[in-house]
Amino acid sequence: MLALPLLVLAAGSIVYCLLTVLAALRYRAVQLPPVENPLPLSVLKPLAGVDDGLEENLRSFFELDYPAFEILMAVRSPLDEAIPLVEQLQMSYPRVRSRLVVTGEPPYSNAKVYSLHRMLALARNDVVVMADSDVRVAPDLLWTIAAEFQDERVGMVTCPYRAVPGDSFWSTLEAIGLNTSFFSGVLVARLLAGMKFALGPTLAARRKVLAEIGGFDAVKDYLAEDFVMGKLAAEKGYRVVLSSGVIEHRIGAASYHNNLEHRLRWCRSERRSRPMGYIGSLFTHTIPLALILLAAHPAWWPWSVAALAARVAAAWATGEHALRDPLTARRWYLIPLQDMMHFAVWIAGFFGNTVLWRGRRYLLLPDGRFEVIPEAEAEERAHISQ
């Protein structure tokens, strides 16, 4: 009786993998029109301390090959360690219009959103590109975004990202998962229903669209503010486009504990943001389902083999074909281990309602919002969870 439901799940996962291949081919088939009149763009970059590779990440924005753009960067404190680095880059690239903003402490939970709010008020242009500090871009990124905004129906453009790990085994595993598993979910969602959400590391929006969805005030209390912004823009009737410009998301070199905290934050946030979608993502765990089916009913081993083959095809389609990720080709043998680890964390994501983010612990509310937990209470919750 257990084997039959497992067979249904494995078959569904095979179908999902085949859809992933189709979705990746469709994504790469997009042809952008040439840009006739480059629209001015404002790049907004919230900063907090000096992350690994921050100088190279910021330099890639100062070296953007585009005729009309500005860069605004924001830190909370005048003592932030990123400030000397920013000032050095500003001196090195005097022809790039740039500005550094000190925002002070945020009045609500999402400090990143507060920084974006402050920078938007100072931005000169009607289209803003919001990019995290751990993002590195190609020189032609703004040309791609400008081409996609030539369609007046487009209200938001969200960039897919190729995760690049630091010198850490656990971060390498996570990068492989992001490039071969997470992005497949994005592609399949785009294929079946269109983009009804956005991805956080880099997204662009028209100023009027941000105003219509309620501005940053509408997303200030959400941990997954990127997802919510895309959802609200789509509900207003605007197109949300998955950009043809792939960025690099430098995820650093985390220890096992820090990597596990990050994965749990991701899963718990997704569960709160889209609970039914989180349950439905069971079909994306192809290798764990194939192995469980094999253990439950060894006679059905051809189904398990078919599922493994489908997972290989889906990994190639997303990691190599869609994202052009060299890591997938070099470390493909780590995919089964990554998938099993992610399956365990996915199960753990059903439990618990707190997350750790940049040294602070937050409480996730049922509607996807979150709030800071006072330090004494956070220590007590952490002790109980252990």
Side-chain angles (χ1 to χ4, degrees), residues 13-30 53 132 134-138 141 144 158-192 195 197 199-202 242-254 259 262-263 266-267 270 281-291 305-346:
S13 190
I14 292 172
V15 171
Y16 170 79
C17 288
L18 296 178
L19 287 173
T20 297
V21 174
L22 176 61
L25 295 174
R26 290 276 185 89
Y27 168 71
R28 271 298 172 187
V30 172
D132 289 352
D134 53 7
V135 163
R136 196 172 299 182
V137 298
L141 176 69
T144 301
T158 183
C159 292
Y161 54 87
R162 179 173 54 249
V164 179
D167 187 18
S168 162
F169 174 75
W170 303 108
S171 294
T172 298
L173 276 185
E174 183 180 10
I176 289 172
L178 289 171
N179 296 342
T180 67
S181 183
F182 168 75
F183 189 51
S184 67
V186 174
L187 289 173
V188 171
R190 173 181 179 270
L191 175 70
L192 298 181
M195 293 296 293
F197 57 92
L199 308 176
T202 298
L242 184 63
S243 179
S244 294
V246 178
I247 63 166
E248 286 190 356
H249 181 27
R250 298 276 169 156
I251 65 174
N259 182 258
H262 177 259
R263 288 172 181 260
W266 186 291
C267 287
E270 184 182 358
S281 65
L282 173 60
F283 287 100
T284 69
H285 297 280
T286 309
I287 289 180
L289 290 174
L291 295 178
V305 172
L308 292 173
R311 173 68 176 114
V312 169
W316 171 85
T318 54
E320 293 198 51
H321 183 66
L323 293 178
R324 303 291 196 263
D325 173 39
L327 181 65
T328 302
R330 295 199 315 268
R331 301 291 183 90
W332 59 267
Y333 52 87
L334 292 176
I335 290 176
L337 177 60
Q338 152 59 27
D339 286 3
M340 295 303 293
M341 181 177 179
H342 182 56
F343 183 62
V345 176
W346 176 78

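The model shown is predicted, which means the values in this text are computed figures rather than measured ones.
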G319 backbone acceptor or donor facing T180 side chain under 3.5 Å: no
Residue pair W316, T328: steps toward the side-chain contact (heavy atoms from CB on, under 4.5 Å) verdict: CA-CA 8 Å; W316 171 85; T328 302; over 6 Å; no
Reported CG-to-CZ distance for the pair L187 and R28, which is rounded to 0.5 angstrom: 10.0 Å
Shortest non-hydrogen contact from L323 toward P160: CD2-CB, 4.3 Å
Pairwise distance NE2(H342) to CD1(I287) - rounded to 0.5 angstrom: 12.0 Å
For the student: nearest non-hydrogen atoms of M340 and L291, plus distance: SD-CD1, 4.0 Å
Listed partners of P326 passing side chain to side chain contact (heavy atoms under 4.5 Å, CB included), at least two apart: R162, R330
C267 versus W346, closest heavy-atom pair with distance: SG-CA, 4.1 Å
I251 versus S171, closest heavy-atom pair with distance: CD1-O, 3.3 Å
Parallel, tilted or perpendicular, as decided by the 30° and 60° cut-offs, for the rings of Y27 and F183: perpendicular
Counterpart residues, salt bridge (charged side-chain N to carboxylate O under 4.0 Å, His left out), relative to D339 (two or more places apart): R311
CG on D132 to CZ on R250, rounded to 0.5 Å: 14.5 Å
Chi angles and distances behind the side-chain contact (heavy atoms from CB on, under 4.5 Å) call for C159, V137: CA-CA 10 Å; C159 292; V137 298; over 6 Å; no
Side-chain donor/acceptor of S13 to backbone N/O of F283, under 3.5 Å: yes
Qualifying residues under side chain to side chain contact (heavy atoms under 4.5 Å, CB included), relative to L191, sequence neighbours excluded: L19, L22, A23, R26
Main-chain N/O of A307 paired to T286 side chain as donor or acceptor, under 3.5 Å: no
Atom of L178, atom of A163 and distance for their closest heavy-atom approach: CD1-CB, 3.7 Å
Inter-residue atom distance I176.CD1 - L334.CG, 0.5 Å rounding: 4.5 Å
Between CG on residue L199 and NE2 on residue H249, distance to nearest 0.5 Å: 10.5 Å
Side-chain heavy-atom pair P165, L327 within 4.5 angstrom cut-off: yes
Minimal non-hydrogen separation, T318 against T20, with atom names: CG2-CG2, 3.4 Å
Flag side-chain contact, heavy atom, 4.5 Å: F343 against T284: no
Value rounded to 0.5 Å, distance of CG in D325 from OH in Y161: 13.0 Å
Beyond-backbone contact of V345 with E174, side-chain heavy atoms, under 4.5 angstrom: no
